[in-house]
Amino acid sequence: MPAFDRARLEAHAVEVAPLLLGAVLTHTTAEGAVAVRLTEVEAYSGLGEDPGSHAHRGRTARNDVMFGDAGRLYTYFTYGMHTCANVVTGAPGTAGGVLLRGGEIVSGLELARTRRTTARKDVDLARGPARLASALGITLADGGADLLGEGAFSLRPGEPLPAERIATGPRVGVAGPGGDATAFPWRFWIADDPTVSQYRPAVRRRRG
DNA sequence: GCTGCGATTGACT
DNA sequence: GTCAATCGCAGCT
């Protein structure tokens, strides 16, 4: 199966996100290979229009990868313990990205289980952005890796999905202007798929 | 240098 | 349903 066409990833993140649904991301390490069929993603625009984007305030050491070529892996560390994975989209310098929020393990199930010992069911192995990264064995050190080259990663398009199977809605944990997450309905998922994460509205963290 | 908080998860009531 | 864990980044002094 051919790799995902890089030119298709150079469009705006909102256009790329639905194309990634059903695509299969494979990560091969010394332990073996795990492949995930993507069922849930979120688009982030690097432009000033999107306050939820890590690139919204400009280029920093952390988000540097987002300003590079489309088709590379952008990883970030959050909440002091979790790693999340994104596919860089858009032309270089535009800093768009698509967060991989959930998927179905289609290969390497045993290895994924050893990496996700707290998951009780197989559908929970990659349901949620930090879970997906963990199941694939993605760490911060993988940031910047090319998903379309000859390296440890491969990203292949899946079967084209009929429009009625693609659902959209507000992004998770991200508030838009005035706290309105629905201002950016940039979350895309495969309708009725059990590996789509549960929606949680953006909440302000309590003061401690 | 100091402080507040986040593109979350899992454990617990 | 509620809540703690845990640390790098961004913004401010």
Side-chain angles (χ1 to χ4, degrees), chain A residues 12-14 16-18 20-21 25 36 38-67 72-90 94-103 105 112-144 168-189 194-208:
Chain A
H12 191 285
V14 174
V16 175
L20 290 174
L21 291 177
L25 177 63
V36 167
L38 303 176
T39 59
E40 182 187 4
V41 297
E42 274 177 12
Y44 286 84
S45 167
L47 307 175
E49 65 187 11
D50 183 5
S53 170
H54 283 180
H56 176 239
R57 293 174 219 270
R59 190 171 191 159
T60 67
R62 175 215 213 182
N63 63 30
D64 191 62
V65 172
M66 292 186 76
F67 288 82
R72 301 184 89 92
L73 184 69
Y74 167 58
T75 55
Y76 66 90
F77 190 66
T78 190
Y79 289 97
M81 64 190 89
H82 298 303
T83 303
C84 299
N86 302 246
V87 177
V88 177
T89 66
T94 59
V98 176
L99 172 68
L100 309 181
R101 289 199 55 90
I105 308 288
R113 285 177 182 145
T114 66
R115 287 171 173 160
R116 297 268 305 110
T117 55
T118 56
R120 297 183 200 180
K121 298 181 296 186
D122 286 345
V123 294
D124 290 329
L125 289 171
R127 185 164 84 153
R131 292 167 168 183
L132 185 150
S134 177
L136 281 173
I138 291 174
T139 68
L140 284 185
D142 295 309
T168 67
R171 293 182 299 187
V172 178
V174 181
D180 181 13
T182 62
F184 294 92
W186 289 355
R187 175 172 173 249
F188 299 82
W189 67 95
T195 60
V196 172
S197 67
Q198 182 181 12
Y199 175 69
R200 301 187 195 187
V203 290
R204 266 220 190 99
R205 196 172 180 270
R206 283 192 321 114
R207 297 182 46 137

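Numbers restart at 1 for each chain; the letters A, B, ... are given by sequence-line order, proteins then strands. All of these numbers come straight from a predicted model, not from anything done at the bench.
- To the nearest angstrom, C1' of B:dA7 lies 13 Å from CG of A:Asn63.
- With rounding to the nearest 0.5 Å, the separation of CZ in A:Arg113 from CG in A:Leu125 is 7.0 Å.
- Between A:Tyr79 atom OH and B:dG4 atom P there is a gap of 17 Å when expressed in whole angstrom units.
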#### Entry: Canonical and wobble pairing (Watson-Crick, G-U, under 3.5 Å) of DNA chain C, dot-bracket with |
|||||.||||||.

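- The nearest whole Å value for the distance from the CG atom in A:Asn86 to the P atom in B:dT8 is 11 Å.
- Across the protein-nucleic acid pair, A:Phe77 atom CZ and C:dA5 atom P stand 15 Å apart, rounded to whole Å.
- The two residues A:Val14 and A:Pro18 have their closest heavy-atom pair at O-CD, 3.2 Å.
- Rounded to a whole angstrom, the distance from the C1' atom of B:dA7 to that of C:dT2 is 22 Å.
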Atom pairs, N/O to N/O, protein against nucleotides 11-13 of chain B, distance under 3.5 Å?
none

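- If you take CZ of A:Arg62 and P of B:dA7, they are 7 Å apart, rounded to a whole angstrom.
- Rounded to an integer number of Å, the gap from A:His56 NE2 to C:dG11 C1' is 15 Å.
- Listed by residue number, the members of residues 127-135 of chain A with any heavy atom below 4.0 angstrom from DNA chain B are A:Gly128, A:Pro129, A:Ala130, A:Arg131.
- Between A:His82 and B:dT9 there is no side-chain N or O to OP1 or OP2 distance below 4.0 Å.
- Nearest nucleotide to the side chain of A:Met81, out of B:dA7, C:dG11, C:dT6: C:dT6.
- Phosphate proximity of C:dG11 to A:Arg57: present, with a side-chain N or O under 4.0 Å from OP1 or OP2.
- Contact between the side-chain N/O atoms of A:Arg116 and the OP1/OP2 oxygens of B:dG10 is found at a separation under 4.0 Å.
- Exactly one of A:Val87, A:Thr39, A:Ile138 qualifies for a side-chain contact (heavy atoms from CB on, under 4.5 Å) with A:Leu100. That residue is A:Val87.
- In terms of heavy-atom proximity, A:Cys84 sits nearest to A:Pro129 at SG-CB, 4.0 Å.
- Listed here is the closest heavy atom pair of A:Phe184 and A:Glu49: CZ-O, 2.9 Å.
- Residues A:Asn86 and A:Tyr76 meet the side-chain proximity criterion, which asks for heavy atoms closer than 4.5 Å.
- Atom CG of A:Asp50 is separated from atom C1' of B:dA7 by 10 Å (rounded to the nearest Å).
- Residues A:Arg115 and A:Gly137 come closest through the heavy atom pair NH1-N, 3.4 Å.
- Side-chain atoms of A:Tyr76 come within donor-acceptor range of the base of B:dA7, with a qualifying N/O pair under 3.5 Å.
- Between the CZ atom of A:Phe184 and the P atom of B:dA7 there is a distance of 14 Å, rounded to whole Å.
- Here CG of A:Asp122 is found 11.0 Å from CZ of A:Arg116. Values are rounded to the nearest 0.5 Å.
- Only one option out of A:Leu132, A:Val196, A:Leu99 pairs with A:Glu40 in a side-chain contact (heavy atoms from CB on, under 4.5 Å); it is A:Val196.
- By the salt bridge (Lys or Arg N to Asp or Glu O under 4.0 Å) test, A:Arg62 is found to be paired with no residue, residues two or more places apart in sequence or in another chain being considered.
- Contacts of A:Asp124 classified as salt bridge (Lys or Arg N to Asp or Glu O under 4.0 Å), with partners at least two apart in sequence or in another chain: A:Arg127.
- In this view, A:Glu42 and A:Arg101 satisfy the salt bridge (Lys or Arg N to Asp or Glu O under 4.0 Å) rule, not counting sequence neighbours.
- Picking from B:dG6, C:dA5, B:dA7 the nucleotide with the shortest atom distance to the side chain of A:Thr78 gives B:dG6.
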